[in-house]
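Every chain is numbered from 1, with letters handed out A, B, ... down the list of sequences.
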2 protein chains.
Amino acid sequence: MTKRGDSKNRTEEGRRILLGHIKGKGLRWTKQRDAVLAAFLKANAHLSAEELYGLARKCCPDVGFATVYRCMNLFVEAGIAKERRFNDERVRYEPNVMAEHHDHLICLKCGVISEFEDERIEKLQELIASAKGFKVKHHRMELYGLCNKCDDS
Amino acid sequence: MTKRGDSKNRTEEGRRILLGHIKGKGLRWTKQRDAVLAAFLKANAHLSAEELYGLARKCCPDVGFATVYRCMNLFVEAGIAKERRFNDERVRYEPNVMAEHHDHLICLKCGVISEFEDERIEKLQELIASAKGFKVKHHRMELYGLCNKCDDS
DNA sequence: CTTACTGCAAAATCTTTGCATACAC
DNA sequence: GTGTATGCAAAGATTTTGCAGTAAG
């Protein structure tokens with residue numbers, strides 16, 4: 001069992017949080033939202049809107065592109081998704097359920113995205129920022145390079 | 001005098017490098033390229049294509065938008081400019097002449113972009129990456145927060 | 001029944017490209 | 001002269017929005 005919890009737990013927790021957000025705001029639960037949510041949480045990856053559109057349509061063919069975007073914006077608002085943009089490409093969405101803060105390693109060849117967390121980095125950032133009179137709210141740290149597999153070949 | 005050299009030196013060096021690149025490839029030196037280059041190097045900031053367009057037109061009114069983009073792509077190719085995209089906004093260009101590697105602090109309120117360099121960060125990155133079997137090629141580290149001025153108000 | 005949600009297509013935004021003309025070399 | 005560079009407008013790519021119909025509560 002990973003730090004993040006298994007896929008089943010995450011999916012249940014994600015649905016619970018989203019339902020709370022929806023009820024609290026007088027919004028509605030629809031089969032499209034369910035399809036996009038399921039695709040999003042099951043994958044546990046950094047998917048683009050296009051990829052989510054493809055996945056969601058597998059179980060609910062009448063999902064439109066706009067709905068995927070509207071869903072993802074809703075999920076971000078509800079706190080269960082985070083937007084990421086690596087390598088200046090399109091936005092990708094990352095599940096934010098039962099997840100700790102982390103940064104990313106991106107393989108330039110195969111595109112695999114790996115996550116890491118390092119307390120020393122967090123502390124150094126505070127140090128550097130305060131030396132410049134900045135108060136850090138959030139940060140972004142991405143390491144681009146070659147993963148084990150791609151470096152060999 | 002800063003680490004980066006003063007604006008005059010940087011401009012001369014940038015022009016020298018670009019001219020070398022242009023001659024080497026059989027390209028041509030035009031007044032538009034000169035105008036965009038001058039605007040870009042004089043500002044020494046993180047400007048968008050739109051901002052560069054505005055500046056370049058001041059001394060050369062017949063510069064088009066497409067030319068600004070074409071120029072900036074050429075400058076990146078020649079190695080005198082770097083593309084940056086903060087906060088998922090549009091691309092901004094940063095002079096890369098007589099400049100050391102550095103990372104950025106971005107104020108969320110006033111948008112000011114400050115640069116910093118820290119050897120400890122670089123070393124930690126290598127450490128973290130190699131623990132994951134990654135070989136780092138480049139990285140991106142951005143701290144978002146409030147600068148001195150904006151935190152007070 | 002009320003009004004939020006949807007799909008579609010059109011718009012917005014940023015960047016690149018095609019084309020005929022202008023101009024370095 | 002030859003071929004690169006330019007401006008313009010049109011096309012691309014990604015994301016958002018307007019609208020009339022659909023459906024959740």
Integer-rounded Å distance: [N] [atom2] and [X] [atom1]:
{"X": "A:Glu51", "N": "D:dT14", "atom1": "CD", "atom2": "C1'", "answer": "14 Å"}
{"X": "A:Asp34", "N": "D:dA24", "atom1": "CG", "atom2": "P", "answer": "12 Å"}
{"X": "B:Arg90", "N": "D:dT14", "atom1": "CZ", "atom2": "C1'", "answer": "16 Å"}
{"X": "A:Leu19", "N": "D:dA24", "atom1": "CG", "atom2": "C1'", "answer": "13 Å"}
{"X": "B:Arg84", "N": "C:dT15", "atom1": "CZ", "atom2": "P", "answer": "16 Å"}
{"X": "A:Lys25", "N": "D:dG25", "atom1": "NZ", "atom2": "P", "answer": "17 Å"}
{"X": "B:Tyr69", "N": "C:dC14", "atom1": "OH", "atom2": "P", "answer": "7 Å"}
{"X": "A:Tyr53", "N": "D:dT14", "atom1": "OH", "atom2": "P", "answer": "14 Å"}

Legend entry - B/S/- contact track for nucleotides 18-25 of chain C, protein heavy atom under 4.0 Å: B-----BS
Legend entry - Co-members of B:Ile113 in a cluster of I, L, V, M, F, W and Y side chains, linked at under 4.5 Å: B:Phe86, B:Ile106, B:Leu108, B:Tyr144
Identify all side-chain donor-acceptor contacts of residues 120-127 of chain B below 3.5 Å with residues at least two apart in sequence or on another chain.
unit_1: B:Arg120; atom_1: NE; unit_2: B:Asp118; atom_2: OD1; d: 3.0
unit_1: B:Arg120; atom_1: NE; unit_2: B:Asp118; atom_2: OD2; d: 3.4
unit_1: B:Arg120; atom_1: NH2; unit_2: B:Asp118; atom_2: OD2; d: 2.6
unit_1: B:Glu122; atom_1: OE2; unit_2: B:His101; atom_2: NE2; d: 3.2
unit_1: B:Gln125; atom_1: OE1; unit_2: B:His139; atom_2: ND1; d: 2.9
unit_1: B:Gln125; atom_1: NE2; unit_2: B:His139; atom_2: NE2; d: 3.4

Legend entry - Spatial distance of atom CZ (A:Phe40) from atom CZ (A:Arg10) [nearest 0.5 Å]: 9.0 Å
Inset, instruction - Specify the residues of residues 71-82 of chain A, ordered by number, for which at least one heavy atom lies under 4.0 angstrom from an atom of DNA chain C. - result: none
Inset, instruction - For A:Gly26 and for A:Gly64, locate the closest nucleotide of DNA chain C by heavy-atom distance; then report the residue assigned to the nucleotide nearer the 5' terminus. - result: A:Gly26
Inset, instruction - Over 60° means perpendicular and under 30° means parallel, so classify the ring planes of B:His46 and B:His104, tilted if in between. - result: perpendicular
Legend entry - Results of ring-ring contact (aromatic ring centres under 6.0 Å, His included) for B:Phe116 - residues two or more places apart only: none
Cut-off 3.5 Å, no hydrogens considered: what does the side-chain donor-acceptor table look like for residues 21-31 of chain A, sequence neighbours left out?
unit_1: A:Thr30; atom_1: OG1; unit_2: A:Arg33; atom_2: N; d: 3.2

